[in-house]
Amino acid sequence: MPKLCINIDHIATVREARKTIEPDPILGAQLAIQGGADGITVHLREDRRHINDRDVLLLSQNIKNVLFTLEMAATDEMLEISSKVKPGLITLVPEKRQELTTEGGLNVIGQKKYLSDYTSKLHKNNLTVSIFINADKEQIKIAKEIGADFVEIHTGSYAENPNEKEFNIVKEAVEYARVLGLKTNAGHGLNYQNTGLIAAVKGVEQLHIGHSIISRAVIVGIKEAVREMKKLVEESKIYKEAEKISGN
Ligand code: PXP
């Protein structure tokens with residue numbers, strides 16, 4: 001059974017909508033672990049649009065018994081941060097400022113030498129390296145040559161068109177990576193409808209799922225959140241009574 005790693009970026013997205021302190025992704029991570037998460041994943045973006053440096057530091061200090069994965073672009077800044085916080089797994093992702101989410105896998109063919117050197121530097125810091133990659137055999141082959149420990153197969157196309165053809169592309173990519181000796185993860189766009197089949201693919205070690213789980217949490221949590229506030233409003237009559245007594 002693959003490990004279920006919860007990407008909590010979008011807890012921080014809600015926080016950053018108001019630039020306030022809630023909801024705190026650290027608390028979200030603890031609750032996700034209580035719910036059975038096998039790992040917590042965050043993407044520290046260059047523009048810090050959701051997860052920030054404080055979150056990464058606190059998560060690295062507090063997540064001890066499950067896998068902590070840091071998704072990051074292969075930049076000097078991220079090399080420095082990751083060598084300090086030492087996450088359990090690093091997933092290298094492409095990053096564009098304008099994108100809403102990671103749009104495609106990393107093009108390892110186009111930057112083989114750079115990524116090979118970068119992976120070696122991460123390995124020197126005793127870090128385990130995964131590369132987020134499209135379900136493309138040539139890309140997977142180069143990821144192996146670069147020295148990656150894992151690849152994470154981008155499931156976005158399958159999620160958009162969950163048909164047999166797209167499923168088989170993911171399945172064959174996982175098989176190919178395994179034959180090459182790469183450990184294999186999968187993620188992006190997975191939700192309550194399309195995850196089951198991907199979870200059943202032989203050789204998938206970890207699933208990294210974010211948006212659909214955080215979305216579901218908002219919906220299943222809303223009744224309780226309203227109940228708590230309603231109780232406070234109802235209890236306000238106590239203050240009214242107290243005002244009457246004190247004559248204010
Ligand atoms: N895996 C990687 C490498 C990602 O960049 C993301 C998005 O941050 C995910 C998985 C999770 O994708 P989603 O939020 O669509 O579940």
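Counting starts at 1 for both ligands and their atoms, following the listed order.
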Kindly confirm or rule out an N or O of [X] lying under 3.5 angstrom from an N or O of ligand 1.
{"X": "His10", "answer": "no"}
{"X": "Ile209", "answer": "no"}
{"X": "Glu152", "answer": "yes"}

Q | Criterion ring pair (Phe, Tyr, Trp, His ring centres under 6.0 Å) against His211, the qualifying member of His10, His188, His50 | A |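 Checked His10, His188, His50 against His211; only one passes ring pair (Phe, Tyr, Trp, His ring centres under 6.0 Å): His10.
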
**Q.** Stepwise side-chain hydrogen bond (donor to acceptor under 3.5 Å, both in side chains) check, Gln206 with Asn185
**A.** CA-CA 5 Å; Gln206 303 162 9; Asn185 300 334; 2.9 Å; yes

Q. Is it true that a side-chain atom of Asn62 and a backbone atom of Leu58 form a donor plus acceptor pair closer than 3.5 Å?
A.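 At least one qualifying donor-acceptor pair exists.
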
Q. Would you call Arg178-Glu175 a salt bridge at under 4.0 Å N-O?
A.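 No.
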
**Q.** Residues Asp53 and Lys84 bridged, charged N to O under 4.0 Å
**A.**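 Salt bridge absent between Asp53 and Lys84.
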
Just jot down the ligand 1 atoms closer than 4.0 angstrom to any heavy atom of [X], in number order.
{"X": "Val93", "answer": "3 (C)"}
{"X": "Asn7", "answer": "8 (O)"}
{"X": "His208", "answer": "10 (C), 11 (C)"}
{"X": "His211", "answer": "13 (P), 14 (O), 16 (O)"}

Q.
I'd like to know whether ligand 1 has Gly189 as a neighbour, heavy-atom separation below 4.0 Å.
A.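 Checking ligand 1 against Gly189, which is what was asked, there is a heavy-atom contact under 4.0 Å.
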
Q. side-chain contact (heavy atoms from CB on, under 4.5 Å) between Met72 and Leu92: does it pass, once the steps are laid out?
A. CA-CA 5 Å; Met72 60 183 219; Leu92 296 178; 4.1 Å; yes

